[in-house]
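In what follows, a structure is listed as structure tokens, so that the remarks can point back to it.
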Amino acid sequence: CRHVATVAAKRAPVFNRIAPFSAAERSAFETDGFVVREDLLTLAACDHLRARFDPLFRGEFPTGVYPDEWHWREGISKPDSFREMVNAWKCCPHVAEVARSPHLGALA
């Protein structure tokens, strides 16, 4: 994606060094459907992503594409209600940079 390449070229690294899944992590994934990795993203990347989600939940989509599902709307939903956005990567190149990263895919 052209937008993701542009974003990546202008910012600091997103991922800390990523080791492949261990046998125990693969087993946990098979059993639980997820694996927890501490410090996968750099602190700068976490801060950058956090800053992206308030605008997304306000309906500000840099790509012009809406998410597949969007649960929580500013001014309509209760402020402390659960928020969910399905496929936010479609809406924001910064989220896409992480979600569609070849580095994450290589872990599998």
Side-chain angles (χ1 to χ4, degrees):
C1 176
R2 183 181 89 241
H3 298 291
V4 173
T6 302
V7 170
K10 293 181 180 178
R11 292 193 313 115
V14 174
F15 295 97
N16 288 314
R17 186 175 171 154
I18 305 172
F21 285 153
S22 66
E25 287 175 315
R26 286 186 184 279
S27 178
F29 182 79
E30 296 283 328
T31 303
D32 304 327
F34 67 92
V35 174
V36 175
R37 277 284 177 102
E38 298 289 331
D39 300 321
L40 180 68
L41 300 174
T42 64
L43 288 176
C46 289
D47 290 343
H48 188 74
L49 283 172
R50 263 189 220 105
R52 308 274 53 90
F53 278 93
D54 279 341
L56 288 175
F57 278 103
R58 284 194 301 267
E60 299 171 17
F61 305 126
T63 64
V65 177
Y66 280 68
D68 292 341
E69 294 181 34
W70 175 18
H71 305 283
W72 194 92
R73 303 286 201 301
E74 186 173 65
I76 298 172
S77 304
K78 293 181 180 180
D80 59 347
S81 295
F82 180 78
R83 299 176 187 201
E84 177 186 15
M85 191 170 285
V86 177
N87 290 326
W89 64 267
K90 294 178 178 182
C91 312
C92 178
H94 304 280
V95 175
E97 179 183 10
V98 174
R100 300 180 65 202
S101 167
H103 299 291
L104 289 182
L107 290 175

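When reading the values below, keep in mind they use all heavy atoms of this one structure, side chains included, and skip hydrogens, waters and symmetry mates.
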Completion exercise
Here the pair of heavy atoms bringing Trp72 nearest to Lys78 is NE1-O, 2.8 Å
Exercise for the section: Not counting sequence neighbours, which residues clear side-chain hydrogen bond (donor to acceptor under 3.5 Å, both in side chains) with Asn16? List them please. Expected result: none
Exercise for the section: Could I get the full list of side chain to side chain contact (heavy atoms under 4.5 Å, CB included) partners for Phe29, not counting sequence neighbours? Expected result: Val35
Handout entry: Ala88 backbone acceptor or donor facing Trp70 side chain under 3.5 Å
Key = no
Exercise for the section: Find the distance between CZ (Arg17) and NE2 (His103) and round it off to the nearest 0.5 Å. Expected result: 13.0 Å
Completion exercise
Distance col, row Glu97:CD vs His48:NE2, nearest 0.5 angstrom, shows 7.5 Å
Completion exercise
Nearest heavy-atom approach of Ala45 to Val14 is CB-O, 3.5 Å
Exercise for the section: With rounding to the nearest 0.5 Å, note down the distance linking CD in Glu74 to CG in Leu56. Expected result: 12.0 Å
Practice task
Can you establish whether the number of heavy atoms outside Phe15 located under 6.0 Å from its atom CZ is more than 12?
Solution key: yes
Completion exercise
Applying ring-ring contact (aromatic ring centres under 6.0 Å, His included) to His71 and not counting sequence neighbours gives none
Exercise for the section: Would you indicate whether the side-chain heavy atoms of Pro67 and Phe61 approach each other to under 4.5 Å? Expected result: yes
Handout entry: Cluster overlap Tyr66 with Phe53, hydrophobic side-chain contacts below 4.5 Å
Key = yes
Practice task
Ignoring hydrogens and angles, tell me if any N or O in the side chain of Trp89 forms a donor-acceptor pair with the backbone of Cys91 under 3.5 Å.
Solution key: no
Practice task
Could you tell me the separation between the CD1 atom of Ile76 and the OG atom of Ser81, rounded to the nearest 0.5 Å?
Solution key: 12.0 Å
Practice task
Any chance you could measure Leu104, atom CG, to Leu41, atom CG, to the nearest 0.5 Å?
Solution key: 7.5 Å
Handout entry: CG-CD distance between Asp54 and Glu60, expressed to the nearest 0.5 angstrom
Key = 9.5 Å
Practice task
Please assess Glu30 against Ser27 for the test side chain to side chain contact (heavy atoms under 4.5 Å, CB included), listing each intermediate value before the final yes or no.
Solution key: CA-CA 5 Å; Glu30 296 283 328; Ser27 178; 5.6 Å; no
Problem - Cation over ring face, Arg83 and Phe57, 6.0 Å, 45° - result: yes
Problem - Taking every non-hydrogen atom, the tightest pair across Lys90 and Val65 - result: O-CB, 3.5 Å
Exercise for the section: For Arg52 and Pro93, indicate whether the former's side chain and the latter's backbone hold a donor-acceptor pair under 3.5 Å. Expected result: no
